[in-house]
J.: 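Attaching a single structure in structure tokens format; questions to follow.
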Amino acid sequence: MGLLSLGTPLPWEESRQYSNHIRSNGLEQLINMFNAASKRQDDPFLWGDELEYILVQFNNNTHRAKINIDKDYILEDLNKPGHCEYDLALRNNTNFHPEYGRFMIEATPIKPYNGESLNDYLFVEENMTKRRIIASKAINNPDIIPLTITSYPLMGIGNFTEPPSQPNGDASKSLFLPDEIINRHVRFPTLTANIRKRRGEKVAINIPMYQDETTAKFDESIPLNRGLFSEDEEPILGAALAGHIYMDSMGFGMGCSCLQVTVQAPNVNKARYLYDSWANLAPIFLALSSATPILKGHLADQDVRWNVISKSVDDRTAYERDVEPLRPGNEFGGVKLEDQGKVQKIPKSRYDSIDSYLGDKLDDDDTYRFFNNELNDNNQPLNELVLKKLISNKDKHFDLPLAQHFAHLYIRDPLVIFNERINQDNLSDTDHFENIQSTNWQTIRFKPPTQKAIPTNHDTPGWRVEFRSMDIQITDFENAAFATFIALLGHSFLLNSEEWNFYIPISKIEENMSRAHFKNPIFSTKYFFKKDIHSPGFEIDELSINEIINGSSQFIGLIKIVENHLKTQYNIEISSNGPYSRFYYYLKLISGRASGELISPANYIRYFVLGHETYQKDSKITEEINFELLEKLNRISKYDDSQGELSEFFGNELSLYLVENKVNSEV
Ligand code: ADP
Ligand code: MG
Ligand code: MG
Ligand code: MG
């Protein structure tokens, strides 16, 4: 999380008058960041992951599992110098951050891994394992377990929190989610309320419902006559779609867990190249990591979390979305009337796939190696003032694609402004820039360094790129495999930036993103991809994920790229024994998921539901399914094969290996 300022957050009615102030000062801050850091060179390839956990409380007497919402104080303990939990976290290079939900935590390594040293890759999984153990120690209750699941199955259904709470809060006005699930820090309820106020309606998240023999046409969990808030009638006014799971609150999306990877590039131009090259991997790895077949107590007809989060923070007004408002006269929602002249149509939520490439600019002149402007064929709305200002910047830091990138981020309003932080020193502060940047949640994030990052200062991070599309996995083994794979790909791309061209028109990536939301997205569709990465021009092909990962006569395959990288950089051959055997099993997992030899978490979970004795063929998750599923995922996360589940999930070779080769978990 980029920003967690302390102070008094302004409600939307007051905060919107400062939107332009935040944008213009945030832009000054950005320009100052470029002034400081644009000439930075040769930063090492450091990287780090982020894992998000959901605290599940099991009750073995009642056979119920809920989300726990009163252990969030552990985050303070884990971050309070002198506190024993803090010391433990520090000693083990683990860092714990707050997340949107009171039932969530995020954890990262404190010090990033050194991606240039092969040995450091072997500590990734160990670090992840220790995070889980340290979090559990801080919770200090064996019934409450931090699980890396994307979504809690019974979110918003029945009495699903521990301690119990009611959906009657003013921040979200949700029919399903109590405000007590939202992080206590004032930023989060304000964020929730301000999104709703700006939009002028509650968010409306409609996800196709899995259709079974007796599935109801209309989501039966919607209370139709509550009458607590005027917003309660929105589903009847058209917010809820037939055949869909209807959700009405930010917590349904921001309560989902992701796996993210951030890497540092040697300089700004290489960071731009990596951002662009990773862009078309984002939908592929969203599909390959698919682990989200259940939402709000129902089986979904898709396997990933992405569009749930996207819709859950969609603050666009009806006019901006180009649809009729639910109530007549409300097309401008909470956007001030006098601003209407500048209001433009906005095709996508602020949480969505990237809208344009940055361009792989060459160091010595103003041209690009492979990129050209025609590849940016998405027609994204821009903040024209920002575009002009950046293009005319006297130090020429911003060429067209780079200026367009920021001009697009700057079409958004800041969502939370802290009264005490309105006036800042643009030479040293970055809050206003971060305010816009960190609420543009896209598949890839370009992270510029701060004004401190002058070329000689290597104590502060340089130009970084973040890969943000993946669903979190159940075990640390899988999360380490995916994170390591993405980092190694990133490193190899950077080393081959003069040769490898991954560009396809960005509209095709957009199409891939929607295909990644098909059910069974690893096998049910092909994806646009550039198969001949050595060809400077651009051709567009459609490949299966199996071909993209495992290679074929068409494309070398990403596994091979990683294997070649390990060989040329470190002179190691991947094999099932020796000090680097773990890599062999990481690749085995990724290869097996892509080929179908191994089941995806989404399919594993869906089949469990469909085969459960209490399942009524109505797409609904029962309390028994919820409890037993979470118990099962908990056992898998501990590599416990006593019930044969590990072998079922990972196949015999991997499960045997995992049982016999646990990583060091001593904290
Ligand atoms: P955010 O939530 O804004 O993405 P976090 O601080 O939660 O940021 O996570 C950032 C990740 O980047 C962590 O894994 C961290 O270890 C890693 N990281 C920190 N410094 C660097 C760096 N200089 N280069 C690459 N990665 C870094
Ligand atoms: Mg984070
Ligand atoms: Mg997070
Ligand atoms: Mg992140």
Side-chain angles (χ1 to χ4, degrees), residues 54 56-67 145 147 149-162 176-177 205-223 240-247 252 255-256 290-305 308 471 473-474 517-524 596 598-637 640 642-650:
I54 292 179
V56 174
Q57 183 154 359
F58 292 91
N59 186 327
N60 291 315
N61 299 322
T62 58
H63 277 229
R64 295 289 180 263
K66 305 189 177 193
I67 52 170
I145 300 185
L147 291 181
I149 48 174
T150 44
S151 66
Y152 167 73
L154 286 183
M155 189 76 173
I157 298 290
N159 188 355
F160 69 100
T161 67
E162 185 58 48
F176 313 100
L177 296 188
I205 310 158
N206 286 287
I207 300 298
M209 195 183 284
Y210 180 83
Q211 296 299 311
D212 209 336
E213 283 170 26
T214 64
T215 305
K217 291 226 160 25
F218 215 78
D219 183 341
E220 292 180 321
S221 61
I222 306 171
L241 305 180
H244 287 71
I245 307 164
Y246 166 72
M247 294 165 276
F252 283 110
C256 291
S290 52
T292 322
I294 302 177
L295 295 158
K296 206 193 68 170
H298 292 81
L299 279 177
D301 215 28
Q302 66 176 49
D303 291 9
V304 298
R305 80 197 188 293
V308 185
D471 273 6
Q473 306 293 293
I474 299 160
H517 286 83
F518 292 171
K519 192 168 65 193
N520 206 7
I522 308 176
F523 306 107
S524 61
L598 300 180
I599 193 167
S600 72
N603 276 335
Y604 185 75
I605 294 170
R606 183 179 286 112
Y607 291 143
F608 173 75
V609 174
L610 294 177
H612 196 272
E613 62 199 18
T614 64
Y615 177 67
Q616 302 284 316
K617 297 192 190 306
D618 55 359
S619 313
K620 290 183 187 163
I621 308 302
T622 62
E623 293 274 6
E624 291 80 7
I625 296 175
N626 179 64
F627 178 75
E628 288 172 29
L629 173 63
L630 291 168
E631 276 206 314
K632 190 188 252 309
L633 300 181
N634 180 32
R635 281 190 296 269
I636 290 177
S637 76
D640 169 355
S642 59
Q643 315 211 12
E645 293 146 329
L646 202 66
S647 335
E648 203 175 66
F649 184 55
F650 281 123

J.: Applying the side chain to side chain contact (heavy atoms under 4.5 Å, CB included) test to Ile205, which of Val308, Leu295, Ile245 qualifies?
T.: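 For Ile205, the side chain to side chain contact (heavy atoms under 4.5 Å, CB included) check succeeds only for Val308.
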
J.: Would you please say whether a donor-acceptor pair under 3.5 Å links the side chains of Asn520 and Asp303?
T.: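 Checked: Asn520/Asp303 side chains show no N/O donor-acceptor pair below 3.5 Å.
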
J.: Taking 4.0 angstrom as the limit, do Glu220 and Lys620 come out as a salt bridge?
T.: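 Here Glu220 pairs with Lys620 in a salt bridge, since their nearest N and O are under 4.0 Å apart.
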
J.: Give a yes-or-no answer on whether the side chains of Gln302 and Tyr210 include a donor-acceptor pair shorter than 3.5 Å.
T.: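 No, no side-chain donor-acceptor contact under 3.5 Å.
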
J.: Any side-chain heavy-atom pair from Phe252 and Ser151 closer than 4.5 angstrom?
T.: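 Result no, sub-4.5 Å side-chain heavy-atom pair not found.
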
J.: Would you say that Phe627 contacts His63 through its side chain, given a criterion of any heavy-atom pair below 4.5 Å between the two side chains?
T.: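 Heavy-atom side-chain distance check passes, below 4.5 Å.
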
J.: Do Arg305 side-chain atoms and Ser290 backbone N/O form a donor-acceptor pair below 3.5 Å?
T.: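 No, because the side chain of Arg305 does not come within donor-acceptor range (under 3.5 Å) of the backbone of Ser290.
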
J.: Does Phe518 offer a backbone N or O that forms a donor-acceptor pair with the side chain of Ser524 under 3.5 Å?
T.: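 Pair absent, no side-chain N/O of Ser524 close to backbone of Phe518.
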
J.: Is a side-chain donor-acceptor pair under 3.5 Å present for Asp471 with Thr150?
T.: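 No, Asp471 and Thr150 have no side-chain donor paired with an acceptor closer than 3.5 Å.
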
J.: For a quick check under 3.5 Å, do Glu624 and His612 share a side-chain donor-acceptor pair by atom type?
T.: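 No - no donor-acceptor pair under 3.5 Å links their side chains.
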
J.: Counting N and O atoms only, with roles assigned by atom type, does the side chain of Tyr152 sit under 3.5 Å from a partner on the main chain of Gly156, one being a donor and the other an acceptor?
T.: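 It does not hold such a pair.
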
J.: Taking the cut-offs as 6.0 angstrom to the six-membered ring centre and 45 degrees off its axis, would you call Lys296 and Phe176 a cation-pi pair?
T.: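 Checked: cation-pi criterion met.
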
J.: With a 3.5 Å distance limit and no angle check, can you tell me whether Asp219 reaches the backbone of Ala242 through a side-chain donor-acceptor pair?
T.: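 No: the side chain of Asp219 does not pair with the backbone of Ala242.
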
